[in-house]
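Counting starts at 1 for both ligands and their atoms, in listed order. Quick caveat: nothing in here was measured; it's all calculated off a predicted structure.
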Amino acid sequence: MVEECQNDAENRETLVAVNHLTKSFSIGKRNVHKAVDDVSFRIYKGEVFGLVGESGSGKSTVANCVMNLCKPDSGEILYKEIDTCCSKEFRKNKKMLQCERQIIFQDSTSSLNPRMKVKDILTEPFRIQHITPKRGTLSAEAAFQLTYVGLDNSYLEKYPSELSGGQRQRVAIARAVAMEPELLVADEPIASLDVSIQAQIVNLFRHLQKEHGFSFLFIAHDLSMVRFLCDRVGVMHDGKLVEVGNVEDIFRHPKHPYTKALIESIPIPDPHMERQRAREKEHE
Ligand SMILES: Nc1ncnc2c1ncn2[C@@H]1O[C@H](COP(=O)(O)OP(=O)(O)OP(=O)(O)O)[C@@H](O)[C@H]1O
Ligand SMILES: [Mg+2]
């Protein structure tokens with residue numbers, strides 16, 4: 001288990017504390033695979049925490065455990081010091097936990113109900129939680145939230161199938177942000193989008209996070225996006241968190257060989273710089 005430098009933790013208020021989280025899945029009748037193995041980290045209030053690692057390293061399992069979509073085998077996850085893995089504590093705080101924590105998935109095609117119009121998708125959480133929206137009525141709230149993520153009101157009457165991938169993801173973001181979450185979890189929210197759209201969505205996240213100040217767990221493959229967006233980052237490898245800390249410290253001075261390999265695999269757009277890196281590597 002990695003421990004973070006004490007200086008990073010000074011004077012910061014913790015929103016989520018993941019302590020010794022472990023989760024296994026059975027493969028067939030006899031085999032068990034440890035998807036998450038003794039993972040501990042914190043998400044501080046108002047920060048963007050990135051979680052990176054290769055496919056299958058356990059990132060989504062961590063996110064799903066944080067959001068109570070998956071039950072850990074052991075360990076605890078504290079949200080505002082509430083043990084969310086304890087069924088009794090969860091039930092006692094269910095409404096608050098469901099409103100304050102929101103998640104966005106990679107594939108908005110399956111996370112948005114294809115039979116609902118955008119205006120109903122956007123206001124569904126208010127109806128489920130019996131909350132009066134800030135803008136007074138559900139339709140005013142839907143119109144406001146849609147404009148807020150850069151789509152005009154003509155989209156309110158459309159179905160998800162009538163939207164592009166980027167537009168659908170904007171709707172998913174608007175629905176999550178409408179609840180004014182304190183914790184937003186996004187599990188590879190840009191992975192299935194065109195590269196040009198990816199940058200737009202990451203810029204939207206950055207803008208929304210700065211404006212709302214929510215804590216943000218951002219899961220991604222693309223390390224350059226993580227560097228752009230995140231304050232701290234955790235690196236997962238084979239179910240373990242192998243490194244965690246300030247994003248710039250980790251990019252400049254990666255300690256774990258897997259983190260080094262990940263950073264070295266980021267393509268450099270400038271061929272001259274790319275050749276220089278190759279030469280430096282040869283001399284190592
Ligand atoms: N419901 C499940 N049943 C069985 N095995 C699972 C289940 N969910 C995840 N796993 C396994 O747990 C491991 C971690 O999966 P997880 O989805 O958390 O990885 P990931 O880092 O999110 O990968 P990706 O980048 O591809 O999304 C993988 O080996 C995966 O096959
Ligand atoms: Mg995943």
How about CD on Glu81, more than 12 heavy atoms from neighbouring residues, nucleotides or ligands closer than 6.0 Å, or not?
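Count not over threshold, so no.
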
Strictly below 4.0 Å, N to O, side chains only: are [X] and [Y] in salt-bridge contact?
X      : Y      : value
Glu141 : Lys134 : no
Glu157 : Lys119 : yes
Asp37  : Lys34  : yes

Both conditions, 6.0 Å and 45 degrees, for the charged tip of Arg206 above the ring of Phe228: are they met here?
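Yes, Arg206 sits over the ring of Phe228.
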
Cation-pi geometry met for Lys92 and Phe90 (6.0 Å, 45°):
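No, Lys92 does not sit over the ring of Phe90.
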
Look at the aromatic rings of Tyr148 and Phe144 and report parallel, tilted or perpendicular, splitting at 30° and 60°.
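Rings of Tyr148 and Phe144: parallel, under 30°.
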
Mutual orientation of the aromatic rings belonging to Phe205 and Phe216 [parallel < 30°, tilted 30-60°, perpendicular > 60°]:
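Correct class here is tilted.
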
Do Asp194 and Ser196 pair up side chain to side chain, a donor and an acceptor below 3.5 Å, judged on atom types alone?
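No, no side-chain donor-acceptor pair sits under 3.5 Å.
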
Please report the number of protein N, O or S atoms that lie less than 2.8 Å from the Mg ion (ligand 2).
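With waters ignored, the protein N/O/S count below 2.8 Å is 1.
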
Residues lining ligand 1 [heavy-atom distance under 4.0 Å, listed by chain and residue number]
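The answer is Phe25, His33, Ala35, Glu54, Ser55, Gly56, Ser57, Gly58, Lys59, Ser60, Thr61, Glu188, His221, counting any residue whose heavy atom sits under 4.0 Å from ligand 1.
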
